[in-house]
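Below is one structure, written out as structure tokens; the observations come after it.
The chains referred to below are lettered A, B, ... by the order of the sequence lines, with proteins before strands, and numbering in each begins at 1.
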2 protein chains.
Amino acid sequence: MAGRPREFDRDEALAKARDLFWTRGYEGVSMADLVNAMGIASARIYAAFESKEALFQEAVMLYASGEGGFATRALAEEPNVLDAFERLLRDAILLYTRPNHPRGCMIVMAATNYTINSQAVRERLGRYRRDRAASLNERLRKASETGELKPDANPRALAEFYAAFLHGLSVQAADGVPRDILLSTLSPALLPLKSAMSANADNL
Amino acid sequence: MAGRPREFDRDEALAKARDLFWTRGYEGVSMADLVNAMGIASARIYAAFESKEALFQEAVMLYASGEGGFATRALAEEPNVLDAFERLLRDAILLYTRPNHPRGCMIVMAATNYTINSQAVRERLGRYRRDRAASLNERLRKASETGELKPDANPRALAEFYAAFLHGLSVQAADGVPRDILLSTLSPALLPLKSAMSANADNL
DNA sequence: CACATTATTTGTTGATCGACAAAGAAATGG
DNA sequence: CCATTTCTTTGTCGATCAACAAATAATGTG
């Protein structure tokens, strides 16, 4: 084992690659992008990481064992279930919205591949999703005004909660979760709204 | 206004394109793929739809005004908030898991772009997400066994509910929803678990 | 019929994709 | 010092990308 030592920091380069994949996904990142971000020629990348796919795989593992491991940690370290889930969700939100970092979960986001030249498409889709969330919000706001909801209910939080759940359903479905399983989530999912509603006659 | 009449059915071709975009996203579908699926040469596609991006845009609109409009319809047609949201979520699940159709929401999925040659990457990411859902499931199952949860609680449904919500948080964050808004969803989100827990001493 | 108009077919464009081969440069061990 | 080893640079490979130009074919209208 002799030979010339490597001139660049492998871990540092890997972290750069991870952030790039995090924001633009696997296919959304080209070798040229990696060369730019990592600051080393493509042949060096191949020498150090074997292939683009292996590099991606390693970047995912870096994420999963680092910031992405919040779920594992919360579930393992909190003895109380409720504490565990509260911490898990809170940590998720804090990670997904960390300033000056890629937003969202890398494992979920790495499936959303966007090159720079399709940014317009990406943004339009985001607007669509935001519009849908807004319509949920509008309906709940109205329900709050008309007294369908309790006075202390938080319609905006409810709306954002249901928007998130709705979008998550899509991810779950795409991952192959069967219909009846997803249907069984309806009952817990509707609880927050139910408990925010006034105890008027129109409840079953 | 004379000229040779078009030989293919524009609406039919558009629907084919929609399904393709639905499953593989914008960049995940190449012009060659479109040529294959729509059965017409690329120059004809450009003549009829102007560009790939315009075609995609039209396909999204077709989706949004058709099956994708379930949310708008539920919110508009159901006078009771709870009925509206129950129908909305149920319709979403039914659509996202329709047999012999692309799974998931087109607007969410169209952001997940995958060419055929990166299928391995896509599947591995899906496995990661499924693993995370499984760990939630495991924790709740254990909580059910140890009596942390009520005997009639449905741990599996709860787990899938939280997995969906967690993944949805990522989509919301990526779409730019601010941190404090997402944090405000924690309180409604934890309600289903809270109400599934036994009224033992270890609660707050 | 002729002519204008539109559709279709065929072929190509320049750019970019991931992936590497070959050769030179630099550091180590003997 | 020399030989070996590893890294690094440069250039290029065939494939594929989105997009269109040019030519041909088929329809309508006057």
Among [options], the nucleotide that comes nearest once only the side chain of [X] is considered:
X	options	result
A:A41	C:dT8, D:dT10, D:dA18	D:dT10
B:E7	D:dT8, D:dC17, C:dT8	C:dT8
B:M31	C:dC17, D:dT9, D:dA18	D:dA18
A:K52	D:dT27, C:dT10, C:dA19	C:dA19
A:R6	C:dC17, C:dA21, D:dT8	D:dT8

task = Hey, which sits more toward the 5' end of DNA chain C by its nearest nucleotide, B:F8 or B:S42?
result = B:F8
request  = Could you label the plane-to-plane angle of the B:Y63 and B:W22 rings as parallel, tilted or perpendicular, counting under 30° as parallel and over 60° as perpendicular?
outcome  = perpendicular
[X] [atom1] to [N] [atom2]: how many Å, rounded?
X	N	atom1	atom2	answer
A:E27	D:dT16	CD	C1'	12 Å
B:R10	C:dA7	CZ	C1'	14 Å
A:D9	D:dC7	CG	C1'	15 Å
A:D33	C:dA19	CG	P	14 Å
B:I45	D:dC20	CD1	P	13 Å

inquiry  = By the 4.0 Å heavy-atom rule, please label B:R44 as base, sugar-phosphate, or nothing.
reply    = base
key: B:R124 to B:Y128, cation-pi by 6.0 Å centre distance and 45° axis angle   =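 No.
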ask   = Is A:K52 close enough and on-axis enough to A:Y26, meaning under 6.0 Å and within 45°, for cation-pi?
value = yes
query = In terms of side-chain geometry, is the basic nitrogen of B:R24 or B:D33 positioned less than 4.0 Å from the acidic oxygen of its partner?
reply =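 The answer is yes: the pair qualifies as a salt bridge.
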request  = Give a yes/no on whether any side-chain N or O of A:Y46 is located under 4.0 angstrom from OP1 or OP2 of C:dA19.
outcome  =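 True: A:Y46 side-chain N/O within range (under 4.0 Å) of C:dA19 OP1/OP2.
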request  = Look at the side-chain N and O atoms of B:S30 and state whether any lies under 4.0 Å from the OP1 or OP2 oxygen of D:dC17.
outcome  =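 Indeed, a polar side-chain atom of B:S30 lies that close.
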query = So A:M38 and A:R44, side-chain contact (heavy atoms from CB on, under 4.5 Å) or not? Walk me through it.
reply = CA-CA 10 Å; A:M38 300 167 81; A:R44 296 211 261 167; over 6 Å; no
request  = Between B:P5 and B:E50, just flag the one whose closest nucleotide in DNA chain D comes earlier from the 5' side.
outcome  = B:E50
